[in-house]
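The structure under discussion appears below in the form of structure tokens.
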Amino acid sequence: MIEVLSQISWIVFFSIAGQWLGWWTKIPAIVFLLLGGFLAGPILNVVDPSLLLGDLLQPVISLAVGIILFEGSISLNFKEIRQAKGSVSQVIFIGGPIAWVLTSIAGHYVAGLSWPVSLTFGALLIVTGPTVIIPLLKNANLKEKPASILKWEGIVNDPIGAVLAILCYEFFKLSQGTEVVSAFVSSTILSILIVVFFGILFAYCIAWMFNRDLVPEYLKPAFLLSTVVLFFSLCNTIEHDFGLIGVTILGVALANMGVNGIDELKRFKETLSIMLISSVFIILTANIDPAILLGIDIRGILFIAVLMFVIRPITLYLSSINSGMSWQETLLTGWIAPRGIVCAAVAGVLGPSLVAIGYEDGNQLVALAFAIVLATVFAHGLSAKPLAKKLGLAYKEKDSLIIVGASDWAIEFAKLLKGRDFDVIIADKNWHALRKVRLADIPTYYGEILSDETEYHLELARYNMLLAISNNPAYNALICTKFIHEFGRDKVYQFLPHEEAEHTRRQIMESIRGQTFGPAELDYWDISSLMMRGWRFRSSRIGKDENKAKLQARYEAGSLKYIGYITPKNRLVLHAPDTLENLESEHILIALEDPAARDEVPEVKQAQAEDKSVEEKVKELDEDIQNVKRDNEPEQ
């Protein structure tokens, strides 16, 4: 008998290992979670979900899926959809119904499923999970339009597909009676209206309490989670599996009510969701009998192929008509449609439910769903990047930088990086400060970088680094804190606040700061002063040891300040190297130099003296040659 604590430990281990491997390899984590589940369950037999949870297995999975759906729906802001381009709206609102109809037909005639099971499964398969698609987009580095289409399709269709599948199940559950339509309208539709009403009411109450500080900050995440669990349970008492619909409505309503601190709540929910997604996948996969997957017949395999190679391209083609999408964008988005956690988890809930109401082929849903998840994640995850490059829909693989603060020297620094073929944009909320930036032909963003509007108007997916160099250290730290979550701590930079040498109570916490930009001794005003005295940014290849020695001599003489460097793989590092000894000859040094002081460095003076000596010898040799010519000229 496997001990309960041991099983829980193995679930946690495989969950975190799968997420970490996904981050490290740039392959969607769901691949490793699926493999981890098979390894933990059927292969090593260290996890037995039926033994661990018993009768609680389905309720626990259902509750976990509900929390996952809530986490996804709380990101669904109607304002963002309204601001999305027309092509995005068409793919979502036209492509969804088309995909449902075509998939349902294929499920019946190709896979051999009954119409009730096929229609329910077809509704579920319109989802393209954001938990898979967003990491895939980051890895593929897609351009704005195709990335926007795929991102919003995943975010919007995820809850819609799940809710639609549940409604189909409810309809066919009632079809056991005689008056199907009237029963559905009188029972299910009425129940939905009740759930929607209370979902909005609960959301309004939460927003009202949070915005009036009736719940302390430290308690808000726990309060929200307990409310979601409570509301999920209440909705399930109204109608079986309506908890999934209820928490989705609750999340969407909260996302559109302007709740104070919603970003922090989203991050907490995201952290919780990662654990739940990972654990649910491990449990679901460990509970699958491999014989079921291996038992998928030729009709099931053909259904998966039709779904990927026929239905998805037709859906995108039809929904892209008159949308302004190019054929390259239609081709790329018509191929990429990976399914994720919601598809597999909801299938794990609805499959047994369909069997319970008399549709025996409902037991095929879990196996087909997992096979589709595996096939689409592997195929689309591995092919998206090369296909996008081939079609010209991917940005070059290079570091791209957002500079916050449009000072004169920031413009000069941006021009240097642009000359080295890095994408740079300068953001500032002062329109007049950006005038010089525009004249320098550098892209600009006019607005407050901390505003919610930034996500809608600045193409953040295009950039992977941030440099906050305003004259306010605390403001810079606040910006870095916000974007650490987006870019990673090693990709956000700011000046080291010079109160570091002062009393601890005047220091900015290191945990909320970015990496130190340039040398620790320089700040905004120091660089401004040096630039006014004629100093300039420069970049040059380090080259041989002799040149490295000259650079080091200038650094020690105080006429050169190391700022950062560019690696041989064209990666940008914006903190000063401790020494040049660790840098290779192919590294490009970025520095701030005093051109007027170059002659004061002994090594430079010696090199210039040597150059002058050579020039003098050449002149003397020239004169000797001319004298010889004159001596040999014939007399007239």
Side-chain angles (χ1 to χ4, degrees), residues 398-430 432-446 449 458 462-473 475-477 479-480 483 487 490-498 513-542 551 554-555 559-567 570-577 583 587-597:
K398 59 182 179 182
D399 288 330
S400 301
L401 179 68
I402 300 173
I403 297 178
V404 182
S407 61
D408 290 343
W409 65 262
I411 298 172
E412 295 301 317
F413 187 64
K415 287 165 66 176
L416 178 142
L417 294 178
K418 186 179 178 184
R420 287 288 179 181
D421 198 32
F422 288 101
D423 289 334
V424 184
I425 188 171
I426 295 182
D428 202 297
K429 57 183 177 182
N430 188 325
H432 298 289
L434 290 172
R435 181 175 179 274
K436 292 182 180 179
V437 185
R438 291 188 291 270
L439 291 174
D441 195 29
I442 296 171
T444 64
Y445 172 69
Y446 171 55
I449 196 71
L458 178 60
R462 181 175 181 176
Y463 301 93
N464 68 338
M465 298 180 69
L466 179 133
L467 173 60
I469 46 176
S470 74
N471 58 10
N472 186 332
Y475 177 63
N476 293 337
I479 294 171
C480 289
F483 284 92
F487 297 146
D490 61 326
K491 293 290 187 178
V492 293
Y493 295 87
Q494 70 170 103
F495 289 113
L496 179 67
H498 279 187
R513 291 203 316 253
Q515 298 286 320
T516 300
F517 169 62
E521 67 270 13
L522 289 185
D523 65 8
Y524 177 92
W525 301 111
D526 293 330
I527 295 182
S528 297
S529 175
L530 291 173
M531 296 292 285
M532 290 178 67
R533 287 157 44 192
W535 286 55
R536 292 293 179 265
F537 289 105
R538 61 164 284 189
S539 63
S540 60
R541 198 173 302 278
I542 290 179
L551 291 170
R554 295 194 61 203
Y555 171 75
S559 64
L560 192 73
K561 306 286 187 184
Y562 300 154
I563 299 296
Y565 55 90
I566 303 169
T567 69
N570 210 35
R571 292 300 177 188
L572 183 62
V573 179
L574 293 180
H575 60 75
L583 302 185
H587 277 79
I588 297 172
L589 181 68
I590 301 173
L592 188 61
E593 70 166 357
D594 180 8

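As the structure is a computational prediction, the values presented were derived from the model and not from experiment.
- Remark: side-chain polar atoms of Asp399 are not paired, donor with acceptor, to backbone N or O of Arg571 under 3.5 angstrom.
- Lys418 places a side-chain N or O within 3.5 Å of a backbone atom of Asp441 that can act as its donor or acceptor partner.
- Nearest heavy-atom pair, His575 versus Tyr493, reported as atom, atom and distance to 0.1 Å: N-CE2, 3.9 Å.
- At a threshold of 4.5 Å between non-hydrogen side-chain atoms, the residues Leu417 and Phe537 do not count as touching.
- The distance from the CD atom of Gln494 to the CG atom of Asn472 is 10.0 Å, given to the nearest 0.5 Å.
- Across every non-hydrogen atom of Pro595 and Gly534, the tightest pair is CD-O, 3.5 Å.
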Discussion item. For Ile590 and Phe413: C-alpha separation, side-chain torsions, deciding distance, then whether side chain to side chain contact (heavy atoms under 4.5 Å, CB included) applies.
Written reply: CA-CA 10 Å; Ile590 301 173; Phe413 187 64; 3.9 Å; yes

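- Considering all non-hydrogen atoms of both residues, Ala414 and Ile426 come closest at CB-CD1, 3.9 Å.
- When all heavy atoms of Ile469 and Ala410 are compared, the pair lying nearest together is CD1-CB, 3.7 Å.
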Item to complete: Dump the intermediate steps for side chain to side chain contact (heavy atoms under 4.5 Å, CB included) on Ile402 and Tyr445, then the final yes or no.
Response: CA-CA 9 Å; Ile402 300 173; Tyr445 172 69; over 6 Å; no

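- When every heavy atom of Ala433 is checked against every heavy atom of Ala406, the shortest pair comes out as O-CB, 3.7 Å.
- Side chain of Arg536 to main chain of Met531: a donor-acceptor pair is present (N/O by atom type, distance under 3.5 Å, no hydrogens or angles).
- For the pair Ile479 and Val492, the minimum side-chain heavy-atom distance is 4.5 Å or more.
- The closest side-chain heavy-atom distance from Pro577 to Leu583 is below 4.5 Å.
- The CG atom of Leu522 sits 11.5 Å away from atom OG1 of Thr516, with the distance rounded to the nearest 0.5 Å.
- In plain terms, the two heavy atoms of Trp535 and Lys561 that are nearest each other are CZ3-CG, 3.7 Å.
- Lys436 places a side-chain heavy atom less than 4.5 Å from the side chain of Asp408.
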Item to complete: Quick one: do Tyr524 and Ser470 satisfy side chain to side chain contact (heavy atoms under 4.5 Å, CB included)? Show the steps, please.
Response: CA-CA 7 Å; Tyr524 177 92; Ser470 74; over 6 Å; no

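- Taking CZ of Arg438 as the reference point, atom CD1 of Ile411 lies at 10.0 Å (rounded to 0.5 Å).
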Item to complete: Using the side chain to side chain contact (heavy atoms under 4.5 Å, CB included) rule, take Leu574 and Leu401 through it: C-alpha gap first, then chi angles, then the decisive distance, then the call.
Response: CA-CA 11 Å; Leu574 293 180; Leu401 179 68; 4.1 Å; yes

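- Contact annotation: the side chain of Pro519 approaches that of Ile563 to within less than 4.5 Å [non-hydrogen atoms, C-beta and beyond].
- Annotation: the span from Tyr555 atom OH to Tyr562 atom OH amounts to 6.5 Å, rounded to 0.5 Å.
- Contact of the Asp421 side chain with the Asn570 side chain is not registered, since no non-hydrogen atoms from C-beta on lie closer than 4.5 Å.
- Ion pairing of Asp594 with Arg533 is absent here, as no side-chain N (NZ or NE/NH1/NH2) approaches a carboxylate O to less than 4.0 Å.
- With rounding to the nearest 0.5 angstrom, the NZ atom of Lys491 is 15.5 Å from the OH atom of Tyr463.
- In this structure, the side chains of Leu572 and Arg420 stay at 4.5 Å or more apart for every pair of heavy atoms.
- When side chains are defined from C-beta on, Phe495 counts as touching Ile527, because their heavy atoms get closer than 4.5 Å.
- Rounded to the nearest 0.5 Å, atoms CG (Leu439) and CG (Leu434) are 11.0 Å apart.
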